[in-house]
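Here is the structure we will look at, set down as structure tokens.
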Amino acid sequence: MLLGDGDPQSPVDDLRQARKLALLFCKTEEGIESFLEHCDVAARDLLMPYGDLLMALSILLRIKRTLDGAEIDKIIGEFEAQKALAVEHRRRENWRKRELVAERFRAECDHANAIASSQSAPDRMQ
């Protein structure tokens with residue numbers, strides 16, 4: 001697998017087809033190798049942000065053995081919804097922490113203002 005741990009198992013026919021397609025662009029064996037390495041890096045860069053989703057799909061595919069397009073779409077939708085919900089929970093938790101810090105700060109300011117007022121009150125009486 002592209003994003004799995006360890007060395008991926010190379011599907012022989014996929015590599016044969018990739019080499020055949022690379023011949024459309026490349027004239028030498030070194031060129032083909034370089035082109036395929038570039039494609040591998042580009043594919044990894046494109047897929048990396050979705051690694052968690054791809055791993056979940058991979059696990060489900062291993063369990064169920066087949067997934068059709070509708071099932072994959074449903075899984076992706078649910079996965080993205082769960083991710084968005086987790087992000088929203090973190091955002092709200094962070095906001096609540098900021099509110100608590102602001103409340104503490106306001107209380108400290110009120111306390112400091114009360115002390116300052118009480119200290120200046122006797123000065124006004126004289």
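Positions are given from 1 along the sequence. It should be emphasised that the depicted structure is a prediction, and the values quoted were computed from it without experimental measurement.
Within 6.0 Å of the NZ atom in Lys74, the count of heavy atoms belonging to other residues, nucleotides or ligands does not exceed 12.
Here the CD1-OH distance, from Ile76 to Tyr50, works out to 10.0 Å after rounding to the nearest 0.5 Å. Here Leu54 contributes atom CG and Leu47 contributes atom CG; the two are 5.5 Å apart, rounded to the nearest 0.5 Å. Within the model, atoms CG of Asp110 and CD of Glu103 stand 11.5 Å from one another, a figure rounded to the nearest 0.5 Å. Atoms CZ and CG, on Phe35 and Asp40 in that order, are 12.0 Å from each other to the nearest 0.5 Å. Ile75 CD1 to Leu60 CG: the interatomic distance, rounded to the nearest 0.5 Å, is 4.5 Å.
The pair Arg96-Glu99 counts as a salt bridge, with a side-chain nitrogen and a carboxylate oxygen less than 4.0 angstrom apart. The pair Arg91-Glu88 meets the salt-bridge criterion, with a side-chain N (NZ, NE, NH1 or NH2) lying under 4.0 Å from an Asp/Glu carboxylate O.
Looking only at side-chain heavy atoms (C-beta outward), His89 and Leu85 come within less than 4.5 Å of each other. Between Leu57 and Leu61, the closest side-chain pair of non-hydrogen atoms is not below 4.5 Å. A heavy-atom distance below 4.5 Å is found between the side chains of Glu33 and Arg19. When side chains are defined from C-beta on, Phe25 does not count as touching Ile32, because their heavy atoms never get closer than 4.5 Å. Inter-residue side-chain proximity for Glu71 and Asp68 is flagged as met; some heavy-atom pair is nearer than 4.5 Å. Here the side chains of Gln82 and Glu78 are not in contact, with every heavy-atom distance at 4.5 Å or above. When side chains are defined from C-beta on, Glu80 counts as touching Leu53, because their heavy atoms get closer than 4.5 Å.
Of all heavy-atom pairs spanning Cys26 and Gly31, the tightest one is SG-O, 3.4 Å.
Test Lys97, Arg104, Arg98 against Val101 for side chain to side chain contact (heavy atoms under 4.5 Å, CB included) and you get one pass: Arg104.
A donor-acceptor contact shorter than 3.5 Å links the side chain of Asn113 to the backbone of Cys109.
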